[in-house]
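As structure tokens, the structure follows; a few thoughts come after it.
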Amino acid sequence: QVQLVESGGGLVHTGGSLRLSCAASGRTFSIYAMGWLRQAPGKSREFLAAISWSAPRTLHGASVKGRFTISRDTAKNTVYLQMNSLIPEDTAVYYCAAAATPWEGAQRPKFDYWGQGTQVTVSS
């Protein structure tokens with residue numbers, strides 16, 4: 001099993017920035033990729049970004065490309081999501097996820113483990 005713990009959420013004004021962190025523990029050697037998704041009230045979960053655990057490969061969703069950037073520190077078993085130019089529509093619960101199956105990068109990974117989520121609220 002892999003455990004994921006997110007942090008860094010909070011309240012920010014429009015145009016502001018936040019950096020989310022996700023620390024992985026447990027069977028981290030089984031991770032092939034990690035990613036971020038979000039879910040706003042009344043909406044389905046939306047894929048934001050993914051990053052390979054061992055290769056220089058990232059994938060960003062169209063709705064956040066250019067504003068959000070995923071990165072990782074494998075020595076710390078941590079993945080980050082830098083969010084810039086935030087707008088009220090970015091308000092959601094943000095989830096970290098990990099994939100235990102190989103990921104080639106063309107499409108979003110198949111995620112096997114999920115964190116509890118962290119709330120991000122952007123005020124206008």
Side-chain angles (χ1 to χ4, degrees):
Q1 293 289 327
V2 173
Q3 293 78 43
L4 304 173
V5 179
E6 303 101 332
S7 61
L11 174 65
V12 64
H13 293 298
T14 295
S17 298
L18 280 175
R19 188 176 82 154
L20 304 182
S21 300
C22 175
S25 61
R27 297 170 61 91
T28 57
F29 60 85
S30 66
I31 296 174
Y32 284 88
M34 291 185 68
W36 290 94
L37 303 92
R38 69 184 179 188
Q39 188 164 19
K43 295 188 177 181
S44 58
R45 195 165 292 188
E46 177 187 11
F47 169 77
L48 300 177
I51 188 165
S52 170
W53 207 232
S54 60
R57 180 183 304 128
T58 62
L59 180 68
H60 291 81
S63 64
V64 299
K65 192 175 292 185
R67 295 192 302 127
F68 293 7
T69 303
I70 192 169
S71 62
R72 57 167 163 76
D73 184 336
T74 51
K76 296 182 179 179
N77 289 331
T78 299
V79 65
Y80 305 96
L81 186 68
Q82 178 66 44
M83 306 187 294
N84 299 326
S85 302
L86 286 162
I87 57 178
E89 291 74 16
D90 293 319
T91 295
V93 177
Y94 284 68
Y95 295 93
C96 173
T101 52
W103 178 56
E104 297 187 7
Q107 298 182 5
R108 58 170 281 182
K110 173 187 174 296
F111 294 115
D112 301 287
Y113 303 101
W114 297 83
Q116 295 290 328
T118 185
Q119 177 70 45
V120 171
T121 302
V122 184
S123 64
S124 58

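- Note that the CE atom of Met34 and the CG atom of Leu4 stand 5.0 Å from one another [nearest 0.5 Å].
- The shortest non-hydrogen separation linking Gly35 to Phe111 is N-CE2, 3.7 Å.
- Leu59 and Val64 fall into different hydrophobic clusters, where Ile, Leu, Val, Met, Phe, Trp and Tyr side chains are chained together by heavy-atom contacts under 4.5 Å.
- Across every non-hydrogen atom of Tyr94 and Leu20, the tightest pair is CB-CD1, 3.6 Å.
- To the nearest 0.5 Å, the span separating CG on Leu86 from OG1 on Thr14 amounts to 8.5 Å.
- Nearest approach of Val79 to Trp36, heavy atoms of both residues: O-CZ2, 3.8 Å.
- Listed by first and then second residue, the salt bridge (charged side-chain N to carboxylate O under 4.0 Å, His left out) pairs that reach into residues 2-13 come to none, sequence neighbours excluded.
- Within the structure, salt bridge (charged side-chain N to carboxylate O under 4.0 Å, His left out) contacts touching residues 82-103 (residues at least two apart or in different chains) are Arg38-Asp90, Arg67-Asp90.
- Checking side-chain atoms of Arg57 against main-chain N and O of Trp103 turns up a donor-acceptor pair under 3.5 Å.
- Linking ILVMFWY side-chain heavy atoms closer than 4.5 Å, directly or via other members, places Ile31 and Tyr80 in two distinct hydrophobic clusters.
- Between the side chain of His60 and the backbone N or O of Ile70 there is at least one donor-acceptor pair closer than 3.5 Å.
- Taking each heavy atom of Gly8 and Leu18 in turn, the nearest pair found is O-CD2, 3.8 Å.
- Applying the disulfide (SG to SG under 2.5 Å) test to residues at least two apart or on different chains, the pairs with a partner in residues 16-108 are Cys22-Cys96.
- The distance from the CZ atom of Arg45 to the NZ atom of Lys43 is 15.0 Å, given to the nearest 0.5 Å.
- Listed by first and then second residue, the salt bridge (charged side-chain N to carboxylate O under 4.0 Å, His left out) pairs involving residues 7-30 amount to none (not counting sequence neighbours).
- If you take OG on Ser63 and CG on Leu48, they are separated by 6.0 Å, rounding to the nearest 0.5 Å.
- Closest heavy-atom contact between Thr78 and Ser21: CG2-CB, 4.3 Å.
- When the side chains of ILVMFWY residues are joined at heavy-atom separations under 4.5 Å, either directly or via intervening members, Tyr32 and Tyr95 end up in two distinct hydrophobic clusters.
- Applying the side chain to side chain donor-acceptor pair (under 3.5 Å) criterion to Asn84, with sequence neighbours excluded, gives Ser17, Gln82.
- Rounding to the nearest 0.5 Å gives a distance of 9.0 Å between OG1 of Thr58 and NZ of Lys65.
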May I have the list of side-chain donor-acceptor pairs in residues 113-124 shorter than 3.5 Å, sequence neighbours left out?
{"residue": "Thr118", "atom": "OG1", "partner": "Gly9", "partner atom": "N", "Å": "3.3"}
{"residue": "Gln119", "atom": "NE2", "partner": "Ala92", "partner atom": "O", "Å": "3.4"}
{"residue": "Gln119", "atom": "NE2", "partner": "Thr121", "partner atom": "OG1", "Å": "3.3"}
{"residue": "Ser123", "atom": "OG", "partner": "His13", "partner atom": "ND1", "Å": "2.8"}

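- At a threshold of 4.5 Å between non-hydrogen side-chain atoms, the residues Val2 and Phe29 do not count as touching.
- A distance of 5.0 Å separates CD1 of Ile51 from CZ of Arg72, quoted to the nearest 0.5 Å.
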